[in-house]
Amino acid sequence: MFATARTKLTLLLAALFMLLYVGAAVAVYALMYRMTVEDEDNLLMANAKPLASSVLHSLNHGEFPKAFVNLRQLEQLYPKMSAIVLRDAMGHILADTDAAVAESLKYSYSMSLETTWVPKTHSYVRVLSIHFSNRYGQSVGWLQLALDVDHDIAALNRLRRVLVLVGAAGLLLSLVAGFAASHRALRPIARSWQRQQQFVADASHELRTPLAVIQANLDVVLQHGEQKVSDNLEWLSAIHEEIRRLTRLIGDLLTLARADSGEAAIRREEVNLLPLVRSVADRMSVLAEAKPLSLTVEADPAGDYRVHGDADRLRQLLTILVDNALKYTPSGGRVVISLSRRRRVVRLQVQDSGIGIAKEDQSRIFDRFYRGDRARERGTGGAGLGLAIAQWIVRMHRGRLSVHSEPGSGSVFTVSLRSAV
């Protein structure tokens, strides 16, 4: 699927490049052609002015000159002109500086500028034709100036070849670059797709397990239909526990689904983390005492720990981290929640003296449904979604969540948030 998408995206990028390049190349060539022709025409007009004045002077004296100047003198005065031609009213050549060019020139009854091919010299000339008529509107002759433009046309042809070669090379490079760019662009999409597929598979597995347990316990209860409810408390308690676990799992899945779809927005308000931390610690102290282990809060009572964020989501974040610490810390251990501030950063840490996390697992513990060999066993009752939700909450607050852990020495989860003041 992604190979086809990569090919289509590569071709689309190459087509887009060629479309832009062809447009730019045509524009450049047209501009250069126009500038070249304008330079040629300006040169022709500048040289034609004195000659036209001479012709008009002759007409004012009642005659159209057969040869109004010496031809050699014309060649010396206008060395850039490849030919100067004078024609009578019938179009016959009266005088010219180059017969081969003169024979190939066309003329009309209005002033014209055109490029003409001269077969005998195998060259192109730019021709300015000026028609003269008497006071009665009768044609009396033409003055034509021809400029050799072979060099200009050769330059334009070279430019065209260069543009074509650059376009071909650009097309090849665009295909290579497009393939690389499309591969890079589709890589996170492919990764997300794979993660989504894995997420669906893991979610199905996690949902199937408690349902199977519930079904099995219900079967046992139904097999003892003649017994009282009190006789089946063991099986009913197991069903109740799995339903609670299933409810938590579905809630976590809905949270992540809303996060992925962008629907789970957070509020932006000023939140003081110190009372929030104390509230969570008081609520979780019952679990700590049941184990038993020590749960303490370390923070400067006079410190300013205000941040901008969603109080409910921050409470959920802290609950997840403390709950994990309590689960993976054996009896007699300790869990410490600490608050500190350095410049504009408020740091929240949850430290435990538990089993720790192996280095190879630390980079993946925030993945959904991931469990390490020891750090995230099913026996703790978790589905492997808590830290994924915690990571999402921190990112939504534009903060950073990191972990430092050594197997057998406990773990430290650190949340860094920008302070409100």
ask   = Which heavy atom in Ala146 sits nearest to a heavy atom in Val125, and how many Å separate them?
value = CB-CB, 4.2 Å
inquiry  = A side-chain contact here means heavy atoms from C-beta on lying under 4.5 Å apart; do Leu387 and Leu321 qualify?
reply    = yes
message = Check this for me, if you would: do Asp312 and Arg315 make a salt bridge, where the nitrogen-to-carboxylate-oxygen distance has to be below 4.0 angstrom?
response = yes
task = Quick one: do His308 and Leu417 satisfy side chain to side chain contact (heavy atoms under 4.5 Å, CB included)? Show the steps, please.
result = CA-CA 9 Å; His308 285 297; Leu417 299 173; over 6 Å; no
ask   = Sub-3.5 Å donor-acceptor pair from the side chain of Ser279 to the main-chain atoms of Pro275, do we have one?
value = no
remark   = Closest heavy-atom pair, Thr329 versus Ser353, reported as atoms and distance to 0.1 Å, is CG2-OG, 3.8 Å
request  = Could you check if a side-chain atom of Gln362 sits within less than 4.5 angstrom of a side-chain atom of Ser405, using non-hydrogen atoms only?
outcome  = yes
inquiry  = With a 4.5 Å cut-off on side-chain heavy atoms, are Phe413 and His404 touching?
reply    = no
Passing candidate, side chain to side chain donor-acceptor pair (under 3.5 Å) with Arg126, options Thr36, Asp41, Asp39 = Asp41
Validation row: Leu143, Ile84 side chains within 4.5 angstrom (heavy atoms) = yes
ask   = Which distance, rounded to the nearest 0.5 Å, do you find between the OG1 of Thr121 and the CG of Asp98?
value = 7.0 Å
inquiry  = A side-chain contact here means heavy atoms from C-beta on lying under 4.5 Å apart; do Arg160 and Tyr33 qualify?
reply    = no
message = If we check side chain to side chain donor-acceptor pair (under 3.5 Å) with His131, which of these qualifies: Ser108, Ser112, Ser139?
response = Ser139
request  = List the steps and the verdict of side chain to side chain contact (heavy atoms under 4.5 Å, CB included) for Arg395 and Leu401.
outcome  = CA-CA 8 Å; Arg395 286 178 178 171; Leu401 174 59; over 6 Å; no
query = When rounded to the nearest 0.5 angstrom, what is the spacing between CG in Asp352 and CG in Leu293?
reply = 9.5 Å
request  = Test Thr319 against Arg283 for side chain to side chain contact (heavy atoms under 4.5 Å, CB included), laying out the working first.
outcome  = CA-CA 9 Å; Thr319 300; Arg283 186 160 50 87; 3.0 Å; yes
ask   = So which heavy atom on Ile357 is nearest to which on Ser411, and how close?
value = CG1-OG, 3.7 Å
task = Identify the residue among Val322, Leu326, Leu295 that makes a side chain to side chain contact (heavy atoms under 4.5 Å, CB included) with Leu287.
result = Leu326
query = For the atom pair CE (Met396) and CG (Leu317), what is the distance rounded to the nearest 0.5 Å?
reply = 13.0 Å
query = Looking only at atom types and distance, does a side-chain atom of Tyr78 sit under 3.5 Å from a main-chain N or O of Ala48, one as donor and one as acceptor?
reply = no
query = What's the spacing between Leu9 CG and Phe179 CZ if we round to 0.5 Å?
reply = 10.5 Å
message = So does Gly167 get a backbone contact from the side chain of Tyr21, meaning a donor-acceptor N/O pair under 3.5 Å?
response = yes
request  = Measure the acute angle between the ring planes of Trp142 and Tyr107, then classify it against the limits of 30° and 60° as parallel, tilted or perpendicular.
outcome  = tilted
message = Using side-chain heavy atoms (C-beta onward) and a distance below 4.5 Å, is Arg347 in contact with Arg342?
response = no
message = Minimum heavy-atom separation for Arg306 and Val346, please, with both atom names.
response = O-CG2, 4.2 Å
ask   = Could you go step by step and tell me if Lys327 and Asp323 meet the salt bridge (charged side-chain N to carboxylate O under 4.0 Å, His left out) rule?
value = CA-CA 6 Å; Lys327 286 177 181 177; Asp323 184 57; 3.1 Å; yes
ask   = Does the side-chain hydrogen bond (donor to acceptor under 3.5 Å, both in side chains) test come out yes or no for Asp219 and Gln215, once each step is laid out?
value = CA-CA 6 Å; Asp219 289 341; Gln215 181 66 49; 3.1 Å; yes
request  = Take Lys106 and Val127 through the test side chain to side chain contact (heavy atoms under 4.5 Å, CB included) and record every step on the way to the result.
outcome  = CA-CA 8 Å; Lys106 301 175 183 178; Val127 183; over 6 Å; no
request  = Determine whether more than 12 heavy atoms belonging to other residues, nucleotides or ligands lie under 6.0 Å from atom CZ of Arg268.
outcome  = yes
task = Give a yes or no on this: more than 12 heavy atoms of other residues, nucleotides or ligands lie within 6.0 Å of atom CE of Met45.
result = no
query = Considering residues, nucleotides and ligands other than Arg34, do more than 12 of their heavy atoms fall under 6.0 Å from its CZ?
reply = no
inquiry  = Given Val307, which partner from the list Leu314, Leu348, Val415, Val345 fulfils the side chain to side chain contact (heavy atoms under 4.5 Å, CB included) test?
reply    = Leu314
request  = Would you name the heavy atoms of Leu175 and Ala14 that are closest together and state the gap between them?
outcome  = CD2-CB, 3.5 Å
ask   = Any side-chain heavy atom of Glu406 sitting closer than 4.5 Å to one from Lys359?
value = yes
query = Are any non-hydrogen side-chain atoms of Arg400 and Thr414 less than 4.5 angstrom apart?
reply = no
inquiry  = Rounded to the nearest 0.5 Å, what separates atom OH in Tyr29 from atom CG in Leu159?
reply    = 7.0 Å
task = Check Ala100 against Val118 and note the closest heavy-atom contact, atom names and distance.
result = O-CG1, 3.8 Å
ask   = Between atom CD1 of Ile130 and atom CG of Leu51, what is the distance when rounded to the nearest 0.5 Å?
value = 8.0 Å
